[in-house]
Amino acid sequence: MSLPDLAWQVLYGRFAWAIVAAAAAIGLWAWWQTPSRRTVSTILLLSAGSMALPDAASPAHWLGLAFQWPSALCVALSALTLGARWCGQHTFTAMPAGLAAACAGAGALLYLDASGWMALGLYFAGFGPNAAPMAAVLLAAVCAVGIARHTWRWRAAAVLAALMFYMVFRLPTGNLWDTLLDPFLWGWSVLSLIARWRASRRPAPLPALAAGPPAP
């Protein structure tokens, strides 16, 4: 098992928090009005500039103390969201039902294991020298097939990018779980599932009446 150097973790944290914070800020802005390209670029530059400040002057320093680092998958999906906003795809959702269900279920399982309701040692297995890399290779192969078959192409590419980041650089922490999941991504997945459930319970609109004189 090889762990990333602390300096690389800090560098990753500044970059990751800049992307995630910008995506969150633009998402909040979209509730007020549709963000333009100038708005997206301005928020991204402000986020990157603030995270690049030295030591404790950077919000990334305090966010890292409180929440550690965002997962590589969260960063990849946030970058997809930023790209969609830039291209004007304001209805784009980076969390389809299948991926949201997988993240929500995995997060709940990890919580039950960490809180003592279960005793499986799932989180520490993410540091394993054999099982974790094998699981990463298997997931990467599934993502590659999904991309080739145009199934969730961009989301599969985001998962694949996160896995490659883990296998090559061992970032953010050397743990496979930290590459694919974090509290923010888990909350995003749960909210996505709730939104889809509420949308499915809305009554279907009545079909429009055909134009023309009434039947005799």
Side-chain angles (χ1 to χ4, degrees), residues 1-4 6 9 12-13 16-17 19-21 23-24 27-28 60 62-81 93-143 145-146 151-152 154-167 169-201:
M1 177 181 65
S2 59
L3 300 179
L6 181 60
Q9 292 188 54
Y12 166 84
W17 280 120
I19 298 296
V20 173
L28 292 175
W62 301 104
L63 289 169
L65 291 178
F67 306 107
Q68 206 174 46
W69 317 125
S71 64
L73 180 55
C74 185
V75 176
L77 292 176
S78 298
L80 276 182
T81 303
T93 172
M95 188 68 72
L99 182 58
C103 290
L109 192 61
L110 281 173
Y111 175 77
L112 291 174
D113 187 50
S115 60
W117 291 92
M118 305 170 65
L120 302 176
L122 292 177
Y123 179 77
F124 295 103
F127 286 113
N130 298 318
M134 289 179 60
V137 171
L138 180 60
L139 287 173
V142 172
C143 291
V145 172
T151 304
W152 295 350
W154 293 109
R155 285 79 172 198
V159 178
L160 181 59
L163 291 169
M164 295 302 296
F165 211 65
Y166 161 78
M167 289 187 283
F169 301 105
R170 305 291 293 177
L171 290 170
T173 65
N175 189 300
L176 180 60
W177 289 111
D178 290 334
T179 299
L180 298 175
L181 196 61
D182 61 66
F184 295 98
L185 188 61
W186 184 82
W188 186 359
S189 65
V190 171
L191 290 176
S192 297
L193 291 176
I194 293 174
R196 290 179 180 276
W197 175 76
R198 293 185 61 183
S200 67
R201 292 179 61 85

What pair of heavy atoms forms the shortest contact from [X] to [Y], and how long is it?
| X | Y | answer |
| --- | --- | --- |
| Arg196 | Met95 | NH2-O, 3.5 Å |
| Gly64 | Trp69 | CA-CZ3, 3.8 Å |
| Ser71 | Leu185 | OG-CD2, 3.9 Å |
| Leu80 | Ala158 | CD1-CB, 3.9 Å |
| Cys143 | Ala156 | CB-O, 3.6 Å |
| Leu176 | Ala132 | CD2-O, 3.5 Å |

Calculate, to the nearest 0.5 Å, the distance between atoms [atom1] and [atom2] belonging to [X] and [Y] respectively.
| X | Y | atom1 | atom2 | value |
| --- | --- | --- | --- | --- |
| Arg170 | Gln9 | CZ | CD | 11.5 Å |
| Asn175 | Tyr166 | CG | OH | 7.0 Å |
| Cys74 | Leu181 | SG | CG | 9.5 Å |

According to side chain to side chain contact (heavy atoms under 4.5 Å, CB included), who are the partners of [X], at least two apart in sequence or on a separate chain?
| X | answer |
| --- | --- |
| Ala140 | Leu160, Leu163, Met167 |
| Met134 | none |
| Leu191 | none |
| Leu112 | Trp117, Met118 |

Could I get the full list of ring pair (Phe, Tyr, Trp, His ring centres under 6.0 Å) partners for [X], not counting sequence neighbours?
| X | value |
| --- | --- |
| Trp17 | Phe184 |
| Tyr111 | none |
| Phe165 | Tyr12, Phe169 |

Inset, instruction - Please step through side-chain contact (heavy atoms from CB on, under 4.5 Å) for the pair Trp186 and Leu110, ending with a clear verdict. - result: CA-CA 11 Å; Trp186 184 82; Leu110 281 173; over 6 Å; no
Is any side-chain heavy atom of [X] closer than 4.5 Å to a side-chain heavy atom of [Y]?
| X | Y | result |
| --- | --- | --- |
| Trp188 | Thr81 | yes |
| Val20 | Val75 | yes |
| Ser189 | Leu193 | no |

Inset, instruction - Could you list all the side-chain hydrogen bond (donor to acceptor under 3.5 Å, both in side chains) pairs where at least one residue sits in residues 121-141, not counting sequence neighbours? - result: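 Sorted pair list: Tyr123-Asp178.
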Legend entry - side chain to side chain donor-acceptor pair (under 3.5 Å) involving Thr179 - partner list, sequence neighbours excluded: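 For Thr179 there are no side chain to side chain donor-acceptor pair (under 3.5 Å) partners, ignoring immediate neighbours.
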Inset, instruction - Could you tell me whether a side-chain N or O of Trp177 sits under 3.5 Å from a main-chain N or O of Leu122, the two making a donor and an acceptor? - result: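 Yes; judged by distance alone, with no hydrogens or angles, the pair exists.
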